Amino acid sequence: MEKFVINGGKPLHGEVTISGAKNAALAIIPAAILSEDICIIENLPTSISDVNYMMKTLRQIGAGVRLINNSTVEIDARHINSYIISHEITKHLRASYYFIGALLGRFGKAKVAMPGGCYLGPRPIDQHIKGFELLGANISIEDNAIVEATSEKLTGSPIYLDMVSVGATVNIMLAAVKASGLTVIENAAKEPHIVDLANFLNSMGADVRGAGTDVIKIRGVPQLHGCTYSIIPDQIEAGTYMVAAAASYGDVLVKNVIPKHLESISNKLIECGAIVEEYDDAVRVMLSRKPARCNIKTMPHPGFPTDMQPQMAVLLAIAEGTSIITESIWSNRFRYTEQLNRMGASISVDGQLAVVQGVETLKGAPVRADDLRAGAAMIIAGIAAKGTTEIEDIVHIDRGYEYVVEKFSAIGADIRRVYYPDSDALDTVG
Ligand code: UD1
């Protein structure tokens, strides 16, 4: 087993380079099977485990996957020979369900086990299913565990999403690009990775318009071809380093970003008293005095991202005064506050609200990463705190942060990955 050990209390200084966007990669990798051709994907975060599981899935169904370098992969989708994806793979990550849309789009059939991923509250897929059905697919769910989708012929359709869903928007786009006729997704998600997916599909010859607005129009094309495509930088990884810079009273240049994607995060940091300088493809974050309080409400893009909520809570935990965080996307995304309180934070949770009373300083403690972004928050807290913090369950963090120890160390954090024996395993041996 592994844990992170952090000796905190040192300001972060220097430059960090952001990797390709995890959530864009997780949509683009399955999208590549829609062409019976070869795609080269650049700026891919190949070291994170979620991306690795997606590449394993491709291999399992017969695609060729070749690592060209640390951030470039060639996907050869010409010889895919299966439309079935087992629970062994899907249990590891949420985005495995994008293979339903992609396999349906490619073969008119898909059999995919229900997905795993971070527990943030119930994660229904009713809107995905509604979209597939409106395109003409028959959907059955075996034992609440395996989704089977079949269709003689997918036909474009208007699809209104009852709530803004990133996953449903992606899955419907994947199923619709080769359907005959026009699909119009209304109340679509507008996240940067939706635009990235649309750009990738269009590079393969698809006709997708309006991505980035709440109406996406997809005119089906009979065939897609291979392409070379570079994934956008990761908005949430960038935001994590930006908040870490502020929470440690540091000065960090966060490079390889699209500043426009970071506006909701930059604005909140500025409200807290940080200086945020924007360059063409970098942002510099500095904070030299105690942060000011501010309120946060998570919203679909371009609102404040729910995936930055735990990290931002760390900054508010050491701010002057009391801040209110409203989580409006997920029903159970405050579990990490218990861990922060162990480090001396003063946060009380009431349903979808967290009341954060700023304290003077956090103190190092043994904590755990409840999920991916909760884990990122624990790293920031460990860096900001006085003393030593040990974070367990870091497997969650490895799902979404590339070279996290190397990147934080390079800007002055004292963070190490430490191997320790699994106590359950020792018990069994004993
Ligand atoms: C994606 C992100 C995740 C982020 C979330 C919200 C990926 C791989 N994951 O998750 O990191 O936290 O967007 O920005 O990109 N809902 C339904 N029915 C559905 C689908 C969704 O009720 O069929 C609800 C969900 O329960 C949730 C809300 O809609 O309350 C948003 O979910 P959604 O945008 O689909 O999140 P994911 O795509 O799972």
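The shown structure was predicted, so the numbers you read here are calculated from the model rather than taken from an experiment. Atoms within a ligand are numbered from 1 in the order they appear, just like the ligands themselves.
Closer than 4.0 angstrom to ligand 1 sit non-hydrogen atoms from Asn23, Tyr97, Pro122, Arg123, Pro124, Ile125, Asp126, Gln127, His128, Met163, Val164, Ser165, Val166, Gly167, His193, Thr306, Asp307, Ile329, Trp330, Arg333.
More than 12 heavy atoms of other residues, nucleotides or ligands shown are found within 6.0 angstrom of CG on Asn69.
A salt bridge links Asp370 with Arg368: at least one charged nitrogen is closer than 4.0 Å to a carboxylate oxygen. Between Lys3 and Glu392, no side-chain nitrogen of the basic residue sits less than 4.0 Å from a carboxylate oxygen of the acidic one, so the salt-bridge criterion is not met.
Listed by first and then second residue, the side-chain hydrogen bond (donor to acceptor under 3.5 Å, both in side chains) pairs involving residues 299-308 are Thr306-Glu327, Thr306-Arg333, Asp307-Arg333 (not counting sequence neighbours). A side-chain hydrogen bond (donor to acceptor under 3.5 Å, both in side chains) check over residues 148-168, counting only residues at least two apart or in different chains, returns the pairs Gln127-Asp162, Lys130-Asp162, Lys153-Ser180.
Evaluation of the side chain to side chain contact (heavy atoms under 4.5 Å, CB included) rule for His87 yields Thr90, Lys91, Ala113 as partners, not counting sequence neighbours.
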